[in-house]
Amino acid sequence: MGAMTATPGASVPWLAAPGVSTGDEVKDLPSGAIRNDPLLSTLEKLWDANPMQNVLPINWVEISKSLQTLWQRELSDPAAAMQRATDFNTKLWGATLESWQDAANRFWGIEGKKEDEGRPDRRFSAPDWTENPYYETLKESYLLASEYLLNEVEETDGQDNEEQRRMRFHLQQFVDALAPVNFLLTNPAALKRAFETGGVSLAEGTRNLLSDLEEGRMSMTDANAFQPGENLAITPGKVVYRNDLIELIQYEPTTEKVHETPIVFFPPWINKYYILDLQPKNSMVKYLVDEGFTVFMVSWKNPDASMEETKFEDYMTMGPLAAVEAVKDITGSEKVNPVGYCVGGTLLAVTLAWLAAGGDENPFGACTFMVSLQDFAEVGDTAVFMDEPQVEFMEQQMMERGYLDNRKMANMFNLLRSNDLIWSNVVNNYLLGQKPPAFDLLYWNADGTRMARDAHSFYIRNTYLENNLIKPGKVEVLGRKIDLGTIEGEAYAVGAEKDHIVPWHSAWKISQVTNLNTRFALANSGHIAGMINPPSKGKGKHWVNESGDAGSAATAEEWRANATEQEGSWWEDWTNWLEPFSGEEVDPPKMGSEKYPPVEDAPGSYVKEK
């Protein structure tokens with residue numbers, strides 16, 4: 001497999017370069033040699049054949065490539081690398097001595113004050129990580145080594161380019177995977193539980209692992225605890241329209257009067273809609289109905305191989321355009337206020353531009369865009385998964401199957417929060433031998449959907465790969481060239497401060513790429529938790545800028561500098577903005593109409609398809 005040569009600072013074995021015998025050879029190693037490295041090729045084949053890859057979707061080949069690239073950088077300036085390694089070793093010895101001195105002080109009953117390192121970490125919440133000098137030393141060594149490795153990425157280059165972001169992401173996956181808490185022999189809580197249960201926890205953990213291997217994915221929640229229509233997606237309503245791609249749900253009113261202009265939701269088709277209607281306590285649908293709004297919801301069909309020829313334009317014509325006609329007929333309203341969530345917001349923007357391109361009457365009123373991208377120049381960590389080779393590989397898989405397996409998309413999003421969505425489950429399910437918790441959000445996260453081949457390929461290439469939507473006339477849909485700059489009217493857009501999927505400053509750009517008069521709100525938390533935050537929880541905060549159109553700011557940072565912090569959910573700010581565009585208060589419309597009679601009770605059939 002080749003010799004192993006350590007970098008300066010050899011006490012950090014992570015920086016060993018596999019398959020390299022001398023520094024001079026590495027210095028002149030062409031980039032293509034890394035891609036053709038026999039070690040990497042062997043590693044890739046071994047991991048592809050390993051059933052654990054479906055349970056732990058860690059890309060060890062990309063991690064190895066990143067380590068080799070970092071190794072080459074180190075050798076370009078060995079003196080500086082040696083100095084940084086020396087500094088690391090000094091910190092490591094200091095942390096070790098401090099841990100054992102603290103233990104000695106506790107033994108002698110001496111009150112000691114330990115300097116706060118500012119690194120609170122839920123992975124090390126067990127008392128042993130601070131009270132046992134062995135485990136405390138292990139934890140501090142891991143944290144320092146992780147910090148050292150990630151800092152080396154910046155110190156050896158520092159340019160914010162694609163290679164740098166890719167290296168940073170994969171090495172972050174590496175250090176997350178190697179946390180001592182993820183291994184039985186270095187996890188004090190797992191060892192304690194094994195002792196207390198007489199080894200039963202280890203047997204249960206093995207049983208959980210074997211079950212996940214058979215299923216082909218990691219269990220993140222109790223799959224038997226929830227069921228849409230029973231304890232999720234239970235806001236009363238009727239399916240009032242169905243075609244081959246959508247079911248349209250109309251929700252029953254709970255107030256004597258409702259706003260004249262209805263709301264229709266276009267959720268992402270890469271997930272099921274009921275994130276917006278989980279349980280009554282956190283349902284955005286129920287909140288709006290109780291506030292006197294008439295609410296409709298698009299529920300997308302879960303594609304199979306028979307839908308491989310479904311095109312992106314079909315998602316527009318059979319989605320927003322078909323839904324709005326039904327909503328207008330049922331309610332008698334001339335306008336409908338649309339809400340596009342994530343990919344649904346991108347589709348809504350394309351639909352609005354398509355209507356403008358043909359000079360058609362626009363049936364949509366005030367628009368809302370929730371964590372939605374139109375300009376894909378900056379997409380955060382998801383860019384790691386969206387380069388040309390990976391898209392080609394994705395397209396090859398879709399050609400073979402007719403669709404993209406939902407597990408591929410799920411694995412991508414799980415890696416963006418690997419500690420929370422992967423390694424915490426490794427510890428709970430396999431090391432502690434416990435059943436996954438019953439958590440509605442995680443159940444929804446695991447209840448994925450497939451991607452129709454043609455539509456998904458069109459979407460990925462024109463957004464993440466080529467960013468064509470912001471180029472006037474570059475994208476053509478049903479014979480019309482799309483120009484987002486032709487979109488006019490009123491809009492509310494919201495981003496999330498800690499969103500790894502749609503960076504908030506990119507969500508803000510809708511105020512720049514369209515001519516919409518936009519009120520922008522910034523929620524705290526992430527892509528999901530920042531959006532599903534009912535006011536009744538009394539948690540969270542958000543920022544708004546009262547200076548007017550968000551597009552009047554030159555940059556997102558300028559908008560943020562002039563924004564004011566507000567306690568609580570952004571939902572109330574949104575509904576206050578929406579009310580003036582929602583017409584008079586009228587009697588609630590009937591459920592369905594003569595042309596669109598109710599088909600079945602909500603949540604319908606499409607959401608239950610596996």
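None of the values given here were measured: they were computed from a predicted structure.
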Quiz item: More than 12 heavy atoms of other residues, nucleotides or ligands under 6.0 Å from CZ of R84: is that the case?
Solution: yes

Quiz item: Considering residues, nucleotides and ligands other than E557, do more than 12 of their heavy atoms fall under 6.0 Å from its CD?
Solution: yes

Quiz item: Are the aromatic rings of W300 and Y273 close, with centres under 6.0 Å apart?
Solution: no

Quiz item: Going by distance alone, is a donor N or O of one side chain under 3.5 Å from an acceptor N or O of the other, for E497 and N524?
Solution: no

Quiz item: Salt bridge or not for D483 and K471, using N-O below 4.0 Å?
Solution: no

Self-check item: E565 and R560 ion-paired at < 4.0 Å
Solution: no

Practice problem: Flag the pair K541 and E567 as a salt bridge only when some basic side-chain nitrogen lies within less than 4.0 angstrom of an acidic carboxylate oxygen. | Solution: no

Exercise. With the side chain counted from C-beta on, respond yes when V426 and L56 share a heavy-atom pair under 4.5 Å apart, and no when they do not.
Key: yes

Quiz item: Does the ring center of W543 lie less than 6.0 Å from the ring center of F520?
Solution: no

Quiz item: Is it true that E378 and K509 make a salt bridge, defined as a side-chain N closer than 4.0 Å to a carboxylate O?
Solution: yes

Quiz item: With no hydrogens and no angle check, is any side-chain donor or acceptor of T221 less than 3.5 Å from a backbone partner on P437?
Solution: yes

Quiz item: Is R519 positioned over the aromatic face of W577, cation under 6.0 angstrom from the ring centre and no more than 45 degrees off axis?
Solution: no

Practice problem: Please name the pair of heavy atoms, one in T382 and one in H500, separated by the smallest distance, quoted to 0.1 Å. | Solution: CG2-O, 4.1 Å

Exercise. Would you mind checking if D360 and R480 are paired as a salt bridge, meaning a charged N to carboxylate O distance below 4.0 Å?
Key: yes

Quiz item: Is a salt bridge present between E466 and K474, judged by a nitrogen-to-oxygen distance below 4.0 Å?
Solution: no

Quiz prompt | Smallest separation among heavy atoms of A556 and W504, with atom names | solution = O-CH2, 3.4 Å

Practice problem: Kindly indicate, with the supporting measurements, whether the criterion side-chain hydrogen bond (donor to acceptor under 3.5 Å, both in side chains) is fulfilled by Q374 and S372. | Solution: CA-CA 7 Å; Q374 289 75 39; S372 176; 2.9 Å; yes

Practice problem: Assess whether atom NZ of K498 is packed by more than 12 heavy atoms of other residues, nucleotides or ligands within 6.0 Å. | Solution: no

Quiz item: Do the side-chain N and O atoms of S547 and N562 include a donor-acceptor pair separated by under 3.5 angstrom?
Solution: no

Quiz item: Side-chain donor-acceptor pair under 3.5 Å between N271 and Y341, yes or no?
Solution: no

Practice problem: Please check if atom NZ in K539 has more than 12 non-hydrogen atoms from other residues, nucleotides or ligands closer than 6.0 Å. | Solution: no

Quiz item: Just one of V61, L67, N59 clears the side chain to side chain contact (heavy atoms under 4.5 Å, CB included) bar with I63, so which one?
Solution: L67

Practice problem: In sequence, state the C-alpha distance, the side-chain angles, and the governing distance for F312 and V475, and then conclude on side-chain contact (heavy atoms from CB on, under 4.5 Å). | Solution: CA-CA 11 Å; F312 183 83; V475 176; over 6 Å; no

Quiz item: Going by atom types only, do D176 and Q172 share a side-chain donor-acceptor pair under 3.5 Å?
Solution: yes

